[in-house]
Protein chains: 2
Amino acid sequence: MSRFSTAFVVWQNAAMRDEVDDLVEAWGRERGDLDLDPVEVFSRISRLSRHLDLARRDAFTAHGIESWEFDVLAALRRAGEPYELSPGRLLRETLVTSGTMTNRVDRLTDRGLVQRLPDPHDRRGVLVRLTVEGKAAVDGAFEALLAAEADLLADLPDEDRARLAGLLRQLLAPFS
Amino acid sequence: MSRFSTAFVVWQNAAMRDEVDDLVEAWGRERGDLDLDPVEVFSRISRLSRHLDLARRDAFTAHGIESWEFDVLAALRRAGEPYELSPGRLLRETLVTSGTMTNRVDRLTDRGLVQRLPDPHDRRGVLVRLTVEGKAAVDGAFEALLAAEADLLADLPDEDRARLAGLLRQLLAPFS
DNA sequence: ATTGATTGTCTTGATGTCGAGACACTTCCA
DNA sequence: TGGAAGTGTCTCGACATCAAGACAATCAAT
């Protein structure tokens, strides 16, 4: 199958139709003077992102946590032992503002998933540490997320996945 | 060039590195037991979507409108003459709730970009119609958006764009 | 040592969105 | 023709987020 995946893709593309095809068709009727190629890529990325958010939400609620909770817990989990980060580092990782992060850490503390500790090296600072319960929650949720995402990729041959990841990397790299 | 574009991609992938490579590396250190392939695709889609939102915001503010305004105006514009849709149709197009749409139409009416009309065929209903000013605003903003998005695609050869769009369609089609 | 600038965190007020419910009109069927 | 179910829109209360500013501790330079 992998040797023929490109032909397979071409065949599928011809047969398959998605919401964005309708969108492009409508714009083409109204603004035939414009090159709509960018819409073919970016509108699909936006819509996939929205669907993905919903899939994430579903996967996480089965594990009793919400998406924003996962974002924070996952950043701490990725940091490795002892699973500690400053609020400032957390808000840079998760791209939210400081007020939002204060609120999030408050609620995660109430739920017993993280705890706040004074930073021994900087008396202005605080460290947020994952609790044992928090680590278990994020590990379970991450496994559920990977399973849900793997389902979404099920129809895509390995070779196409790698190609897709590579093309997306080319788009994303300039931002990093 | 087109004949060698696949090899070109492979070479670029080897040379280029993005934020998600770091993310996957960190997860791999902590959870080497998991298959992180889905992250390579979906995390890039999420992050690109976020960057794209910012690029959209920039392109639109240059034209004096906001992203949520564009979403509503563009749905009306795509509908074609006479640029009218019901609030219910608008909220299905833009995936927001009815309360949100009421609020948005209120503000767009205040700005003179749309007007509310009674639906002649259904006395329960209302039609939202693009004004002349609204049509000019959305056309200008759309052109700016396409230009900004074309910039983001500038480094990607035509063949790769088409391949990327096709792969994304395969992921998106099951949702549609 | 003292001053000034910087960094890190939290507080406050405003805003946009969602979800649930209310209300009006329409459609269907007896 | 009458009543019930359905549809379309709007209102209201709760909530998470953001932006700006306040406050405390640290660092750098004289």
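Quick note on labels: first sequence line is chain A, next is B, and so on, each numbered from 1. Just so it is clear, the structure is predicted and the values come from calculations on it, not from any experiment.
- No donor-acceptor distance shorter than 3.5 angstrom exists from the side chain of Ser49(B) to the backbone of Ile45(B), with no hydrogens or angles considered.
- Under a cutoff of 6.0 Å and an axis angle of 45°, Arg77(A) and Trp27(B) do not form a cation-pi pair.
- Checking dA16(D), dA25(D), dC10(D) against the side-chain heavy atoms of Arg107(A) singles out dA16(D) as nearest.
- Here the nucleotide nearest the side chain of Pro87(A), chosen from dC18(D), dT17(C), dC10(C), is dC10(C).
- Using a cutoff of 4.0 Å between basic side-chain nitrogens and carboxylate oxygens, Arg47(A) and Asp18(A) are not scored as salt-bridged.
- At whole-Å resolution of the value, CZ in Arg104(B) and P in dC10(D) are 15 Å apart.
- Mapping His121(A) and Gly125(B) onto DNA chain D via the closest heavy atom, the residue that lands nearer the 5' end is Gly125(B).
- Residue whose closest nucleotide on DNA chain D sits further toward the 5' end, between Trp68(A) and Ser98(A): Trp68(A).
- Straight-line distance from the CG atom of Asn103(A) to the P atom of dT15(C): 19 Å, rounded to whole Å.
- Checking dC10(C), dC18(C), dC10(D) against every side-chain atom of Thr102(B), the shortest atom distance belongs to dC10(D).
- Rounded to an integer number of Å, the gap from Arg124(A) CZ to dG8(C) P is 6 Å.
- Taken together through direct or relayed side-chain contacts under 4.5 Å among Ile, Leu, Val, Met, Phe, Trp and Tyr, Trp68(A) and Leu73(A) form part of one hydrophobic cluster.
- Counting to the nearest Å, the P atom of dT17(C) and the CZ atom of Arg50(A) are 12 Å from each other.
- When the nucleotides dT9(C), dT26(D), dC10(D) are ranked by their closest atom to the side chain of Ser86(A), dT9(C) comes out on top.
- At a threshold of 4.5 Å between non-hydrogen side-chain atoms, the residues Phe175(B) and Leu52(A) do not count as touching.
- Side-chain nitrogen and oxygen atoms of Arg123(B) include none within less than 4.0 Å of the OP1 or OP2 phosphate oxygen of dA24(C).
- In this structure, the CZ atom of Arg116(A) is 13 Å from the C1' atom of dG8(C), given to the nearest Å.
- Gly88(B) comes within 4.0 angstrom of the backbone, heavy atoms only, and of no base.
- In this structure, CG of Leu95(B) is placed 20 Å from P of dG16(C), rounded to the nearest angstrom.
- Taking atom CG of residue Asp71(A) and atom P of nucleotide dA16(D), one finds them 15 Å apart after rounding to whole Å.
- Nearest to the side-chain atoms of Asp122(A) among the listed nucleotides dT9(C), dT26(C), dT26(D) stands dT26(D).
- Across the protein-nucleic acid pair, Met101(A) atom CE and dC18(D) atom C1' stand 13 Å apart, rounded to whole Å.
- Residue Thr100(A) has a polar side-chain atom (N or O) positioned under 4.0 Å from OP1 or OP2 of dC18(D).
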